[in-house]
Each structure stands twice: as structure tokens, then as C-alpha cells.
Amino acid sequence: MEKEKITRTGCERGLCRAAVGRQDRQLNTYDWLADVPGNAQSTDLVEVQFKHTRKGYYHNVNNLPLKKGDIVAVEASPGHDIGVVTLTGRLVNLQIKKANIKSEDDIKRIYRLARQVDIDKYKEAKAREHETMIESREIAKGLGLDMKIGDVEYQGDGQKAIFYYIADERVDFRQLIKDLANAFHVRIEMKQIGARQEAGRIGGTGPCGRELCCATWMKNFVSVSTSAARFQDISLNPQKLAGMCAKLKCCLNYEVDDYIEHGKRLPNRDIVLQTLDSDYFYFKSDILAGLITYSTDKRMAVNLETITADRAKEIIEMNRRGEKPTDLQPDEEMKKREQDNAPVDLLAGDDIHRFDKAKKKKKKRKPREGNQPRHEQQEA
């Protein structure tokens, strides 16, 4: 039954061409409305993906029966481009809002499903990309431009090439465009990207063991600062905080809001807790759990005591009134700890001299008259 279902829907091992599959496309969108009747007919807008993370949105003016995974020829300037349909239906409208596309001129048309001639041209153009990138780097180096050409993408019909470059400062590449046009005889488009966008286009695996977020689902990049690491009590080690792009990891921003909210409930780290025995200094804290560990030494871990934030605030109030508790732990906690730490008498209720007692010798049983040995029976 399961094999018949896989054959009918085209889904296998969690990958579904029709609806929600990860497939081999970056920035894939989980289409949770794919099985809703009439979803594909709700709008003529279609999301089409090209090389790496470049996406475009187009009108299906010819009402083609498009589904996820179809290869289509779309309108370009000039000529046409070849891409893969990655989303249809109502979710495309949300994706357009997310991409901040407001002008109708940015939404072009889908011409047709790609023919074999279109695919052959597309493959021929893609085969030239690596050599073009190497040669373009040499041209830029010869002009003395402080820039790095990270990737080259040819249009599906081979009439235009997009050069993605990284530069820290403004670059005057007017002469570079002329030299590239003379070298490759195509229309040239220069597009500047950042280090994060380059990592997303190249892809890879992060230190967490998962595929890079910028290569799988992130479309908008927000600036990341070291304050995000400070709020989460993460060591400010540049090697551990940097991602594959050599910038601060985007994931530092994922939970920072929760840490800031929970951090407001903790007392100030500079406050010293005073007890009858000694003073306790802040050592470390578990922000989300609301636990704080104090030490009797300001620089070392000595006599560590872990208490809740509420207990710490209670002691602070007592110190302000001139009172000092006997211990950081509350009274109930102290009794519980004394019971837990009490020595256990393993020999309680037992005789300690039981091992000194001699073992009783077992008496040999005399055989019964009917069970006498054979030699005795013969003598009788």
C-alpha cells in the first residue's frame, strides 16, 4: 500500500515534487496549502528559482498547469531565462510581500514549459560559467580593482551574464564592463553582494552540523553585534562567534530577545550577597532557568552556591535592611540538604559480629536400613 502511495504522489523519503519537498533547491518554501483544492488556481503568480538563491516572481498568463519542479522559460531583458518552479498558489503572495516587491514592472511573464532546445542552450551557457569567472578575475586584477568576483551566472539563452562581486569600498568598474563585454560578447550586469550572501550562494555546513541557514531558508540578513553574545553569556571568542562567511553568526540573533527578557528578572551582577558566614560574589548564571551561582571568592570558584533569582532578591532586601541570613539557601532547602548529605548507616539493624561466628558443621546423615550400602547388604 505504501509503495502504491509513493508512486501515485511522486513522494519518496520525505521528498515531494508536487508539494513540500526540500529537493535540490535552496531557500525552499514548505507549501502547506499544496493539497487544498483550488490553491493553484487562486492566483496566477508563480515563484521561479534560478542558480543558487536567486528567485523571481512571474505571471502565468497562459494558464499553464504548473507544479513544483517544472522547468519553465520566463521573460527576461533581453531574451528569456530558464528556471524551476518552486512555489504556486496563495503562498506566493506572501513571498512577494516578504521580498518587498511593490512595483508591477518587477513581475514578468512565464512564456512556456521549457523545450529540449531551451534546455540544451541552458546547459551550454552554464558550462561556460566557471571559465568566465576565472578569466573575469584576471581582467579585474589587471585593472587594479579592489574587488572579488565570487560567482558568474549566465542567462538561460546565453545573451546575458550576471557577475556577483564583493567589495569593501565603492568600485568604478566602467572599464571592467567594457573589457568583459569584449571578452565574452554578452550583455554584462554587475551585482554587489555581501559576505553573508556569498556564503548563501556557495552553501556549506555550519559548526552545528546542519546546512547553513543562509543557504536553506534565510532571505533577509539582519546585522549581528557582539552585544547579542553578551546578553546570552557567550564567550567573546572571535573564532567561535564567526560563521563560514567570517562574520558573526546569524543564529546569535535567534534567541537574544528571550535572553534579554529573562535577564531583566535577574539581580545586578555587581551586588554582593552578605551572610553571617561570608560575602558571596556573582560567578555565573543560567538565564533561562533563573538560577545564579555565587562564590565566596571574587575571582575563583570557591564554596559555590546556586540559588534562584527570587532568593537572591530576597537576600538583597535583607541586606538593605541590615539583616544577614545564616546561609544563601532558604531554611527548607538547608534541612533538605542536611538530610541528603547525612551519612547512611549501611549496617543499621544488623549484627556487626555476624562474620566472626564460626560456621556450623553439617552432620552426616546416617543411611536408613533400607538404604544401606551394597557391601553391608552382602555381609548381612
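Below, all heavy atoms of this structure are taken into account, side chains as well, without hydrogens, waters or symmetry copies. We number each residue from 1, following the sequence as shown.
Looking at heavy atoms from C-beta onward, Ser42 lies out of side-chain contact with Asn93 at the 4.5 angstrom threshold. The shortest side-chain heavy-atom distance between Arg187 and Ser77 falls under the 4.5 Å cut-off. Contact of the Arg196 side chain with the Cys214 side chain is not registered, since no non-hydrogen atoms from C-beta on lie closer than 4.5 Å. Side-chain contact between Ile162 and Arg54: present, with at least one pair of heavy atoms (C-beta onward) separated by less than 4.5 Å. Looking at Leu45 and Tyr57, their side chains never come closer than 4.5 Å, going by heavy atoms from C-beta outward. For the pair Asp31/Asn39, a side-chain contact is recorded, criterion being any heavy-atom separation below 4.5 Å from C-beta on. Here the side chains of Tyr282 and Asn268 are not in contact, with every heavy-atom distance at 4.5 Å or above.
Within the 3.5 Å criterion, the main-chain N or O of Glu75 finds no donor-acceptor partner in the side chain of Arg109. Side chain of Asp118 to backbone of Arg115: a donor-acceptor contact under 3.5 angstrom is found. Distance alone, capped at 3.5 Å, is enough to place a donor-acceptor pair between the Gln197 side chain and the Gly194 backbone.
Annotation for Leu176 and Leu143: closest pair CA-CD1, 3.7 Å, computed over non-hydrogen atoms. Residues Ser136 and Phe184 come closest through the heavy atom pair N-CZ, 4.2 Å. In this structure, Asn253 and Val222 approach most closely via the heavy-atom pair ND2-O, 4.2 Å. The shortest non-hydrogen separation linking Leu273 to Ala312 is CD2-O, 4.1 Å. Cys245 and Ala195 make their closest contact through CB-O, 3.5 Å (heavy atoms, listed as atom of the first residue, atom of the second, distance). Ile82 and Ile71 get closest at one heavy-atom pair: CG2-CG2, 3.6 Å.
The neighbour count for Asp168 CG, taken as heavy atoms of other residues, nucleotides or ligands under 6.0 Å away, does not exceed 12.
Distance check: Tyr294 OH to Ile307 CD1 gives 5.5 Å after rounding to the nearest 0.5 Å. Atom CG of residue Asp151 and atom NE2 of residue His130 lie 11.0 Å apart, to the nearest 0.5 angstrom. Summarising the geometry, atom CG belonging to Leu304 is positioned 9.5 Å from atom OH belonging to Tyr280; distances are rounded to the nearest 0.5 Å. Atom NZ of Lys67 sits about 10.0 Å away from atom OG1 of Thr88, to the nearest 0.5 Å. The structure places CG of Leu87 at 12.0 Å from CG of Leu66, a figure rounded to the nearest 0.5 Å.
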Verdict with reasoning, Lys141 to Glu138, per salt bridge (Lys or Arg N to Asp or Glu O under 4.0 Å): CA-CA 5 Å; Lys141 185 178 180 181; Glu138 295 177 356; over 6 Å; no

Just do the ring pair (Phe, Tyr, Trp, His ring centres under 6.0 Å) check on Phe173 and Tyr165 with the steps written out, would you? CA-CA 11 Å; Phe173 45 74; Tyr165 72 94; 5.5 Å; yes

Using salt bridge (Lys or Arg N to Asp or Glu O under 4.0 Å), reason through Lys108 and Asp81 one step at a time and then give a plain yes or no. CA-CA 11 Å; Lys108 296 182 174 60; Asp81 204 352; over 6 Å; no

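At a threshold of 4.0 Å, the pair Glu198-Arg201 does not count as salt-bridged, since none of the basic side-chain nitrogens sits closer than that to a carboxylate oxygen. A salt bridge does not link Glu131 to Arg128: none of the charged side-chain nitrogens sits closer than 4.0 Å to a carboxylate oxygen. Ionic pairing of Arg174 and Asp172 is present here: one or more N-O contacts between side-chain nitrogen and carboxylate oxygen are shorter than 4.0 angstrom. Salt bridge annotation for Lys121-Glu124: absent, with no cationic side-chain nitrogen under 4.0 angstrom from a carboxylate oxygen.
Between Glu305 and Gln329, the side chains place a donor N or O and an acceptor N or O closer than 3.5 Å (distance only, hydrogens not considered). A donor-acceptor contact under 3.5 angstrom links the side chains of Glu153 and Tyr164, judged on distance only. Side-chain atoms of Gln155 and Asp157 form a donor-acceptor pair, as typed in the model, at a separation below 3.5 Å.
Using cut-offs of 30° and 60° on the angle between ring planes, the pair Tyr254 and Trp217 is tilted.
Val61 and Tyr58 sit in two unconnected hydrophobic clusters of ILVMFWY residues. Membership requires side-chain heavy atoms under 4.5 Å apart, directly or through other members. Ile134 and Ile166 end up in different hydrophobic clusters when Ile, Leu, Val, Met, Phe, Trp and Tyr side chains are linked at under 4.5 Å. Connection of Ile193 to Met190 is not established within any shared hydrophobic cluster, with ILVMFWY side chains joined at heavy-atom distances below 4.5 Å, either directly or through further cluster members. Residues Val186 and Ile139 share a hydrophobic cluster, clusters being chains of Ile/Leu/Val/Met/Phe/Trp/Tyr side chains in contact below 4.5 Å. Hydrophobic clustering places Ile287 together with Ile271 (ILVMFWY residues linked when any side-chain heavy atoms are closer than 4.5 Å, directly or through intermediates).
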